[in-house]
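Below: one structure, written as structure tokens.
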Amino acid sequence: MTTIGLQHYLVVSSILFSLGLFGIVTRKNAVMVLMGIELILNSANINFIAFARFGNFGFDGQLIALFIIILAAAEAAIALAIILNIYKNFSTVNVDEIDKLKE
Amino acid sequence: MNGSNLIPLSLFILFAPLAGFWLTLLLGKKIQKSYLIEIVISTLVLLTTLYVTFTKLFYFPDTKFVSEFTWINLGTVPILGKITVELGMMIDNITALMLFVVALISALVHFYSIEYMKGDARFNRYFAFLGIFSFSMMGIVLTHNIFMMYIFWELVGLSSYLLIGFWFEKDTASDAGKKAFLVNRIGDLGMFSGILLIYVNYHTFTFDKIFLAIGNGVLPFNSEFWLTIVGVLLFCGAIGKSAQFPLHVWLPDAMEGPTPVSALIHAATMVAAGVYLVARIFPMMTGDALLVVAVIGALSAFIPATIALTQTDIKKVLAYSTISQLGYMIMALGVGSFAFGFFHLVTHAFFKAGLFLGAGSVIHAMHHEQDIRNMGGLRKKLPVTYITFLVFCLAISGIPLTSGFLTKDGILAGTYAFGLLTGNALFAITGFFVALLTAFYMFRILILTFHGTPRDEHKYEHAHESPFLMIAPLVILATLSIFVFYTANPFNADSGWVLSRWIKTPASVVPEHARYSFMVSDKAAEVSKMSEHVTHSEIYTEALHHAHIPSVLLSLFLAGLGILLAFAFYQWKKIDVDALTLKIKPLYTFSLHKWYFDEFYHKTFVALLLGVSNLLAWFDEHIVDGIVNGAAYVTRMLSRLSGLFDAYVVDGAVNLTATFSGLIGLLFRKIQTGKVQAYVVLVVFSLVLLLLFFVKI
């Protein structure tokens, strides 16, 4: 019976990060991209918690994780507002079509 | 009685006419009668001058009043040495006499001109010019240094130019003005060189200091030869201004000016400035320089006298006579007869101004007719003019009881004594011969103008005696041509107050062996003080005494002969003038054409000058312009080259950079898709690469 160690957490968080990154890169819908970002944030949370549990950092890791959750909530609110505005301006949320930066 | 107020008063004499000039000129446009300012000023100047002259001559005949100040003081300058320029005034006896002559004749001419110039379009301007002339002439007379004298010298030249060309609508008048100015410039060039030589050697312009230095044995470049050169160069100024041979050609032409101007400037004062200059520098003239002066004077006395014989323009005859008389004075100074030379200047100023004013009166009466062939018989119409003219003619011919006799006889005695002492009789011969000619031509114009029957009835009928303002100056000048004003003895002026007390020959400062031999002062003469001719030895005074009686008799005989001949030719018609003229045709034409001086100068100097000018013009047009144009062409070509370089090389480099940047831009813009996800991929990819590089696993 193997005990669940730090590596397991890190693997899970890596998978989560990769999935998030994959989502960000491949999804066309801006909302889906936003969801990918949430995944990456949560993978980071897992990392913090894991290091807090297994490292000798006291409660710092947990505190930062709490911060990130709050941050993610705020970020989601702002990002959704941005997406709404994008939709208002371009009548689409497809990130491929929103390439005004190029010009 | 002290003389301390003489200098301030002479300042007034000097500057009042200048004020008159400006006031008359500036107010002339607004005030119709602004000339009255000038009249008043000239009268005031005359009164002041009378006071100054007589105070000086009667109370201080042996004092010299000097007032000077340092105008420029640069201290000691490297190479050039000490540079200081002092300006100042000096009143000695000859200054005082000149002041009197200038102020009197100037005032008389002012009054005379009121009538003579009546109705002229530029009446006020005429008087303004008279004012600036008086200013300049007073300046020459009053200055104590040759620097200021040169300044005023040029100023009289200017005023003479302005007045000769006063009626500049006439081409002849404006040409005559230019001629006078240019010919004078030649003489002034010499004078200027002389002044420079003096300054280089003595570092001062002041006459007295120069004389002092020479007296102390300081010679220019340590040689008597250079002292002679300096003297001759300074004398060049006198040659120009006093219209001496060979620069005499301007004076006859100057008769184009108004007649009162001829009387004032070209007879009495300005032309006498040359004589005055020689008198001023007399102490520093070496024997050789004086000999040059005498030769020039003799030539100038002789040549114009022969020309005057045949001229028919009354003013031209007087002009040639003026040159001839000035030649007399110059010759007298040249042979060392200083006192008589200067004395003749004074007396000549009066009677020659009188002659010109008399001629002006005739011309006025004849409605600007100047040709004596159209006159005749005017004696009855112009009695006062006739009598005064006769007095002047007697004076210039040297008839006893006139002032002219005193001085002319003195000059002739001087040349005679010179002949006795040096064996050089040419000056005496010239002098006596000219005396004969003078008497002849003066009476020739007198007879042709006033005697006989009128040759132009119409003009004769309309002739009338001139108004009071023109007659009065004639009478005053005629009075001054009588001996009593100069000496009590009508036959010998030596004992008169003018010569015994006022005009003294200044002591020569030239080294003794460079003087005339008879000017070497011998102790006996100095001790006994028997002689007024202080620089001269006893021998000279004796020779002068010996010369006196023969020269009086000879000159009287010649003057009488001249007058007699004139009467025989023109009054009694004993000798047929026309037949005689035909017989000596070549001589006659030679004299009539003024010895062909003008033609000669035109053919030689003027032609040479024109030739040189043309050459220079050609040089300018072809060589200088060629160089300039060539330089321009080369510059243009270089510019074109530089333009090409700019257009192709510099612009090419710039454009190349731009194109290169553009190409790089084109390359890199491919990356900038604008798609967020592409950027993310790039970031992640880069991050992975960085991690691979930097993180050691």
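Please read these numbers as outputs of a predicted model, since none were measured by experiment. We use all heavy atoms of the structure for the numbers below, so side chains are in, but hydrogens, waters and symmetry mates are not. Letters A, B, ... are given to chains in the order of the sequence lines, protein chains preceding strands, and every chain is numbered from 1.
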Should we count [atom1] of [X] as having more than 12 external heavy atoms under 6.0 Å?
{"X": "B:R122", "atom1": "CZ", "result": "yes"}
{"X": "B:Y199", "atom1": "OH", "result": "yes"}
{"X": "B:F660", "atom1": "CZ", "result": "no"}

For residues 616-630 of chain B, tabulate all N or O donor-acceptor pairs below 3.5 Å that involve a side-chain atom, not counting sequence neighbours.
unit_1 : atom_1 : unit_2 : atom_2 : d
B:W618 : NE1    : B:H622 : ND1    : 3.1
B:H622 : ND1    : B:W618 : O      : 3.2
B:N629 : ND2    : B:D625 : O      : 3.4

Worksheet item: Within the side chain of B:Q677, is there an N or O that forms a donor-acceptor pair under 3.5 Å with the backbone of A:R27?
Response: yes

Discussion item. According to side-chain hydrogen bond (donor to acceptor under 3.5 Å, both in side chains), who are the partners of B:Y150, at least two apart in sequence or on a separate chain?
Written reply: B:E154

Response to the item:
Ordered numerically, the heavy-atom neighbours of chain B under 4.5 Å found in residues 87-96 of chain A are A:V95, A:D96

Discussion item. Please list all pairs meeting ring pair (Phe, Tyr, Trp, His ring centres under 6.0 Å) that have one or both residues in residues 53-83 of chain A, counting only residues at least two apart or in different chains.
Written reply: A:Y9-A:F54

